[in-house]
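Following: one structure in structure tokens, then a few remarks.
Lettering of chains follows the sequences in order, A, B, ..., and the numbering in each one begins at 1.
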Protein chains: 2
Amino acid sequence: MNIGSALPALAALSHPTRLEAFRLLVRHEPEGLSTGELVDASGLTQSTFSTHLAVLAKAGLVKSEKQGRQQIQRADIDTLRDLMLFLAKDCCQGHPELCEPLLAELTCC
Amino acid sequence: MNIGSALPALAALSHPTRLEAFRLLVRHEPEGLSTGELVDASGLTQSTFSTHLAVLAKAGLVKSEKQGRQQIQRADIDTLRDLMLFLAKDCCQGHPELCEPLLAELTCC
DNA sequence: TTCATGTATCGGAATTATCCGATGCATCTG
DNA sequence: CAGATGCATCGGATAATTCCGATACATGAA
């Protein structure tokens, strides 16, 4: 991931509706959720939420797959990982000691 | 970190000027850089950049300290770590196996 | 085929972000 | 003290985001 792909991902996650939707999808990996279920959870109009979903998809954070009439949405954990690596990269390379507490916490699981 | 503090952090980092400034500060830890040096690096007007810096500060990603006439800016690695933990939390808790490749990459340093 | 369902996209209104120049304020220098 | 420097904030113009209802389109059911 470079700055050109990190920016859309960060922008996609910087909206409450989209961040909640993405986190909901992460919690529902690997089965995913239909667009309709996400719309219901958001409380927004179907058209409004569809636009938000398109932002997440364009950023590569969500992949979708047609299943009958429904569109199944799934979080792309690889993109999330790449984004986190991008954010951590600079301090890891320049000052590894700064990242130790970061990694210590991340290895919680 | 909760969603209320993650959102401003993500929004702060979702702008090219602010993301670059933050990464520059990370690379200059722990000495920091003066606001003027950051302004020069950004290529923007001093007033415009000052507004961007205020967004990063309000999100807790940058701390500043007065040093004579200058204001020394420093990246807050703890906030960055908290943000990354927040993003990773859901998949770590629900599906630890999803986080293993993520952590494997992060332990590069 | 005809109708209902699930989703994407269009058009437009309201809100918010971004940018700049001008100004204010504190600190250092002479 | 008087001027210069470094930075924050204000006012306002332009651009982007956000939201909704209406509409279009594909799929499945009757």
Side-chain angles (χ1 to χ4, degrees), chain A residues 3-25 28 31-76, chain B residues 3-25 28 31-76:
Chain A
I3 203 162
S5 51
L7 275 170
L10 290 164
L13 295 176
S14 70
H15 188 282
T17 296
R18 294 192 294 259
L19 181 56
E20 284 290 17
F22 179 71
R23 300 213 305 151
L24 192 59
L25 286 177
H28 281 80
E31 315 86 34
L33 289 173
S34 71
T35 306
E37 291 173 307
L38 290 168
V39 168
D40 292 343
S42 76
L44 292 176
T45 298
Q46 176 269 324
S47 75
T48 298
F49 187 83
S50 182
T51 307
H52 283 304
L53 203 51
V55 174
L56 285 167
K58 197 164 187 178
L61 288 163
V62 166
K63 306 288 188 203
S64 77
E65 179 191 354
K66 210 163 200 169
Q67 202 168 95
R69 244 182 314 201
Q70 302 187 114
Q71 202 78 20
I72 303 299
Q73 310 288 339
R74 293 190 50 212
D76 189 324
Chain B
I3 203 162
S5 51
L7 274 171
L10 289 165
L13 294 176
S14 70
H15 188 282
T17 296
R18 294 191 295 259
L19 181 56
E20 284 289 18
F22 179 72
R23 300 212 306 150
L24 193 58
L25 286 177
H28 281 80
E31 317 86 33
L33 289 173
S34 71
T35 305
E37 291 173 307
L38 290 168
V39 169
D40 292 344
S42 75
L44 292 176
T45 297
Q46 176 268 322
S47 75
T48 298
F49 187 82
S50 182
T51 307
H52 283 304
L53 203 49
V55 174
L56 285 167
K58 196 163 189 179
L61 288 163
V62 166
K63 307 287 187 202
S64 76
E65 178 192 354
K66 210 162 198 171
Q67 202 168 94
R69 243 183 313 201
Q70 302 187 116
Q71 201 79 20
I72 302 300
Q73 310 289 337
R74 294 191 50 212
D76 190 324

Whole Å only: how far is the CD atom of A:Gln70 from the C1' atom of D:dA26?
14 Å

Between which nucleotides of DNA chain C, 5' to 3', does chain B make heavy-atom contacts below 4.0 Å?
C:dT18 to C:dC28

How would you label the contact of A:Gln71 with the nucleic acid (heavy atoms, under 4.0 Å): base, sugar-phosphate, or nothing?
sugar-phosphate

Using a 4.0 Å heavy-atom cut-off across all strands, classify A:Thr17 as base, sugar-phosphate, or nothing.
nothing

Looking across every strand, which nucleic acid part, if any, lies under 4.0 Å from B:Gln46 by heavy atom: base, sugar-phosphate, or nothing?
base

Check the distance between D:dT17's P and A:Leu7's CG and give it to me in whole angstrom.
12 Å

Along DNA chain D (nearest heavy atom to each residue), the more 5'-positioned of A:Lys66 and B:Ala54:
B:Ala54

How is A:Leu44 classified with respect to the nucleic acid when contacts are heavy atoms under 4.0 Å: base, sugar-phosphate, or nothing?
sugar-phosphate

Describe the nucleic acid contact of B:Thr48 in one word from base, sugar-phosphate, nothing, applying a heavy-atom distance below 4.0 Å.
base

Rounding to an integer number of Å, can you tell me how far A:Glu65 CD sits from D:dA26 P?
20 Å

How many whole angstroms separate atom NZ of A:Lys58 from atom C1' of D:dA16?
14 Å

Measuring to OP1 and OP2 of D:dA29, would you say a side-chain N or O of A:Arg69 lies under 4.0 angstrom away?
no

Whether over 12 other heavy atoms sit under 6.0 Å from B:Glu31 CD:
yes

Comparing nearest nucleotides in DNA chain D, the 5'-proximal residue of the pair A:Gly68, B:Ser47 is B:Ser47

Gap separating the NZ atom of A:Lys63 from the CG atom of A:Leu25, nearest 0.5 angstrom:
13.0 Å

Could you verify whether a donor N or O on one side chain and an acceptor N or O on the other, from A:Thr35 and A:Gln71, lie under 3.5 Å apart?
no

Nearest non-hydrogen partners of B:Phe22 and B:Asp76, listed with the distance:
CE1-N, 4.5 Å

